[in-house]
Amino acid sequence: MSDSASEKNSVLMEKIVSLCKRRGFIFQSAEIYGGLNGCWDYGPLGAELKRNLKDYWWRKNVQERDDILGMDGSILTHQDVLKASGHVGGFSDPMCDCLLSNARLRADQIEPQSGTVYHYSGASHAESDWSVEREYAVLIGEGQDENKARKTARLFFSKFLKDKQISPKKLELAGERTEAVEDTTRFNPANGSLLTEPREFNLMFKTNMGASSDENDESTVAYLRPETAQTIFVQFKNVAETNRVKLPFGIAQIGKSFRNEINPRNYTFRSREFEQMEIEFFCRPEEGLALTDEWLERRLVFYEEIGIPREHLHILDIPDGERAHYSKKTYDIEYEFPFGIQELEGVAYRGDYDLSKHIEHSGKPLEFFDDETKEKFVPHVVEPSAGCDRTILAVICEAFEEETVTDEKGKEETRTVMHFSPRIAPVKAGIFPLLKNKPELVEKAREIQAQLAPFMNVFYDEAGAIGRRYRRQDEIGTPYCVTVDFETLGESGDDLKDTVTLRERDSMKQERIAIADLRSFLLDKMV
RNA sequence: GCGGGUAUAGCUUAGUGGUAAAGCCCUAGCCUUCCAAGCUAGUUAUGUGGGUUCGAUUCCCACUACCCGCUCCA
């Protein structure tokens, strides 16, 4: 991406963020107290939008299918569940920082090195009467010049100089001693500098349960779930046994998960609290790979249905070696955000890894008995796991447009439009009387509002000129506006009596429609 | 976590070591027969905490948050 394109995209992102705040889609969490890093709140319109997305996903994946069942698991999670899944031991990265360059490295990914370690206890500068005492060390590989160690050490100690004019070369090193080491991972392979002690960053939020809980009592430890998936695996047996299921079948869940991200970024994209929409689709081992491809295709259709065209999505077929060790196939579905191409959803074939782990740790039989073949086995699972908040952000980015329109007088102006699909638009229709000081118009408009309100979210507005009201709805992505005018009242004859102006958002075209047909017309657009 | 930047009203921006300005938005009223019209009135801001100072929104320090680049993303 060129600098100018990158700048343009960050301006675009700022406009989107600003609109989201101005119109009440998304607010910063605890804003009046300075904000909470990596947390966001949905305002009135954002809450509607998100609810519509979740409802549509649930309807398509649970209610319209007879082979997927829903559930809603607890967020607080038994520590043994996450020990079994590997999250307690493995859901953390030991990190260390280079003392010289401040580069951050994964401690477990450093190649072991051998050579001579040059230790130092400090440095001084005689002319300015300056000195520092601090342990430091540099690793010199075999055959390398030992003066490189001194040069690196001077560079390190020079970071503590107040007077930046003093050259590192003028520093006097103290306490040099050497030591031969083998296979150490304590030094930065790039420059030989000593690293900080590895620190664990477990990405899970840990808490203690019970009224008399004691922080140090290991038995009271519980976690906020880092993914919704584990609650599904843990309830696999209960769901399967209470529902007369046949393979393949799925269990779906929408819910909050929590990860203590080191570095939340990009608006709501990487948040510490986020919502997932996940399906664990259980199948016979031989069906797994084909079902993974099927799910990928089905999920792409879903994104198209909520207004994200396929050409703005990227499918990443995660190659061997980069997938989780238990996965035989993983696709990432990515979207072209203004800040870069980023993942919305992963479709992963996880084999029998999760159920097997829970069988092993709980000692409970979670095998599936197939009545037809009389076989007993651990089902394999395909997991389409979508980020709800990420999808909302993608939908918002995709919908946003600043359109240049020319009015009758030839004057150009900017129309801000959110092109939300009617399926997920927060407001389905604006209901307006043409003029607010004509009681007959107001009364009729209120009647229409009352007729539609039980079926969909509509918004009544009588303030300001009609054009302004249309534009206000454009900006929040309302697909249709209904205007009660004098024809509605029968002033232009009986033909137009009880019809209204229906104005479509994207084309700004107007047509007349009978009040009696409004409800079915609008509902049809939302299926 | 590192480096750089930013923080004034709901939004976008002025400005100042001594009463903080404007446009848009919003609210109320008047007016208005289809795409942000007009008139009148009105609400709302210097992120938080310290320091320097008679006095700080302005200068300094710390913190918090956001943005950009690294890093990370099981």
Side-chain angles (χ1 to χ4, degrees), chain A residues 3 6-7 9-11 13-15 17-24 27-40 43 85-87 89-93 95-106 108-109 196 199 201-204 226-227 229 259-267 269-270 322-327 332 339-340 342-343 346 348 387 405-409 411 413-416 432-438 441 462-475 481-489 491-492 500-503 505 508-510 512:
Chain A
D3 281 357
S6 153
E7 196 176 310
N9 285 330
S10 93
V11 168
M13 205 54 215
E14 278 170 30
K15 283 179 175 172
V17 170
S18 162
L19 180 126
C20 283
K21 169 146 197 214
R22 180 158 39 88
R23 300 311 307 262
F27 303 122
Q28 191 174 18
S29 190
E31 191 190 64
I32 63 167
Y33 288 103
L36 184 60
N37 186 237
C39 296
W40 302 89
S85 67
H87 286 92
F91 197 58
S92 65
D93 302 324
M95 307 292 288
C96 43
D97 298 328
C98 173
L99 287 169
L100 184 66
S101 67
N102 291 322
R104 169 155 290 182
L105 305 165
R106 282 270 296 270
D108 55 340
Q109 287 179 353
T196 58
R199 280 176 297 168
F201 284 95
N202 192 295
L203 298 182
M204 288 198 294
E227 59 177 30
R259 293 179 196 180
N260 201 357
E261 296 287 352
I262 298 164
N263 190 5
R265 264 297 169 84
N266 289 328
Y267 200 32
F269 182 81
R270 179 167 298 122
E322 287 180 31
R323 291 190 300 270
H325 62 90
Y326 48 77
S327 177
D332 278 358
F339 47 80
Q342 298 278 356
E343 181 186 347
V405 293
T406 312
D407 67 14
E408 288 160 5
K409 296 165 198 121
K411 205 181 89 186
E413 56 182 8
T414 302
R415 182 175 83 117
T416 304
F432 314 142
L434 183 59
L435 299 173
K436 77 166 169 184
N437 58 0
K438 297 285 185 287
L441 295 176
E462 59 179 30
I466 192 74
R468 176 200 288 274
R469 282 178 266 164
Y470 287 148
R471 295 299 172 83
R472 271 202 286 245
Q473 295 305 308
D474 289 342
E475 207 179 37
C481 290
V482 170
T483 301
V484 174
D485 49 32
F486 293 95
E487 281 80 38
T488 312
L489 303 176
E491 281 194 3
S492 305
V500 287
T501 300
L502 183 74
R503 183 260 195 188
R505 176 194 63 204
M508 296 195 282
K509 292 254 165 61
Q510 304 189 352
R512 292 209 75 81

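Just so you know, these numbers come straight off a predicted model, no measurement behind them. Every chain is numbered from 1 and lettered A, B, ... according to where its sequence line falls, protein lines coming before strand lines.
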Report yes if some heavy atom in the side chain of [X] is under 4.5 Å from a heavy atom in the side chain of [Y]; otherwise report no.
X: A:Val405; Y: A:Met508; result: yes
X: A:Leu19; Y: A:Glu475; result: yes
X: A:Asn37; Y: A:Pro264; result: yes
X: A:Arg469; Y: A:Arg472; result: yes

Rounding to the closest angstrom, what is the interatomic distance between [N] and [M] at atom [atom1]?
N: B:C60; M: B:U16; atom1: P; answer: 15 Å
N: B:A37; M: B:G10; atom1: P; answer: 23 Å
N: B:A21; M: B:U44; atom1: C1'; answer: 15 Å
N: B:G18; M: B:A56; atom1: C1'; answer: 10 Å
N: B:G4; M: B:C61; atom1: P; answer: 13 Å
N: B:G15; M: B:U52; atom1: C1'; answer: 23 Å
N: B:A9; M: B:G5; atom1: P; answer: 22 Å
N: B:G47; M: B:A65; atom1: P; answer: 16 Å

For a quick test of reading the model: is some side-chain N or O of [X] closer than 4.0 Å to OP1 or OP2 of [N]?
X: A:Arg472; N: B:C26; result: yes
X: A:Arg468; N: B:C26; result: yes
X: A:Arg22; N: B:C25; result: no

Practice item. Ignoring hydrogens and angles, answer whether the base of B:C35 and the side-chain atoms of A:Arg503 contain a donor-acceptor pair closer than 3.5 Å. Key: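 Under the 3.5 Å cut-off, the side chain and the base do form a donor-acceptor pair.
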
Heavy atoms under 4.0 Å, any strand shown: does [X] hit a base, just sugar-phosphate, or nothing?
X: A:Asn266; result: sugar-phosphate
X: A:Gly38; result: sugar-phosphate
X: A:Lys21; result: sugar-phosphate
X: A:Gln28; result: sugar-phosphate
X: A:Leu435; result: base

Could you state the atom-to-atom distance from [atom1] of [X] to [atom2] of [N] in whole Å?
X: A:Asn437; N: B:U32; atom1: CG; atom2: C1'; value: 7 Å
X: A:Leu502; N: B:C35; atom1: CG; atom2: C1'; value: 15 Å
X: A:Gln473; N: B:C35; atom1: CD; atom2: C1'; value: 13 Å
X: A:Lys436; N: B:U33; atom1: NZ; atom2: P; value: 14 Å
X: A:Glu14; N: B:C66; atom1: CD; atom2: C1'; value: 10 Å
X: A:Phe339; N: B:C66; atom1: CZ; atom2: P; value: 14 Å
X: A:Arg265; N: B:C70; atom1: CZ; atom2: P; value: 10 Å
X: A:Glu343; N: B:C72; atom1: CD; atom2: C1'; value: 14 Å

List in chain and number order the residues that pass salt bridge (Lys or Arg N to Asp or Glu O under 4.0 Å) with [X], two or more places apart in sequence or in another chain; answer none if no residue qualifies.
X: A:Lys438; answer: none
X: A:Glu487; answer: A:Arg512
X: A:Lys21; answer: A:Glu31

Taking all atoms of both residues into account, what is the closest heavy-atom pair of [X] and [Y], and its distance?
X: A:Arg505; Y: A:Arg415; answer: O-NH1, 3.0 Å
X: A:Gln342; Y: A:Phe269; answer: CB-CZ, 3.3 Å
X: A:Glu462; Y: A:Pro433; answer: CB-CG, 3.8 Å
X: A:Pro226; Y: A:Arg259; answer: O-NE, 2.9 Å

Exercise for review: Would you kindly compare A:Tyr267 and A:Lys438 by the position of their nearest RNA chain B nucleotide and give the one closer to the 5′ end?
Suggested key: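 Its nearest nucleotide lies further toward 5', so the answer is A:Lys438.
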
Exercise for review: Could you say whether A:Tyr470 or A:Trp40 is positioned toward the 5' end of RNA chain B, judged by the nucleotide with the nearest heavy atom to each?
Suggested key: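 The residue whose closest nucleotide sits nearer the 5' end is A:Tyr470.
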
Point to revise | Nucleotide nearest A:Glu413 when distance is taken to its side chain, options B:A36, B:C68, B:A65 | key: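 Nearest nucleotide to the side chain: B:A36.
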
Review point. Taking the side chain of A:Ser18 as heavy atoms from C-beta outward, which of B:U33, B:C67, B:U12 is closest to it?
Key: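 Selected nucleotide: B:U12.
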
Review point. Under a 3.5 Å cutoff on both atom distances, Watson-Crick or G-U, what's the dot-bracket for RNA chain B ([ ] crossing, | other strand)?
Key: (((((((..((((....[..)))).(((((.......)))))....(((((..]....))))))))))))....

**Study point:** Straight-line distance of A:Leu502 CG to A:Lys509 NZ, nearest 0.5 Å
**Key:**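 It comes to 13.5 Å.
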
Check your understanding: How long is the span from the CD atom in A:Glu14 to the OH atom in A:Tyr267, to the nearest 0.5 Å?
Key ->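 Between atom CD of A:Glu14 and atom OH of A:Tyr267 there are 12.0 Å.
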
Practice item. Take the angle between the ring planes of A:Phe432 and A:Tyr470 and call it parallel below 30°, perpendicular above 60°, tilted in between. Key: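 Tilted: the ring planes of A:Phe432 and A:Tyr470 meet at 30° to 60°.
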
Are any protein N/O atoms closer than 3.5 Å to N/O atoms in nucleotides 39-46 of chain B? If there are, list each pair with its distance.
none

Polar atom pairs between nucleotides 62-64 of chain B and protein, under 3.5 Å, N or O only, would you list them?
from	atom 1	to	atom 2	distance (Å)
B:U64	O2'	A:Gly34	O	3.2

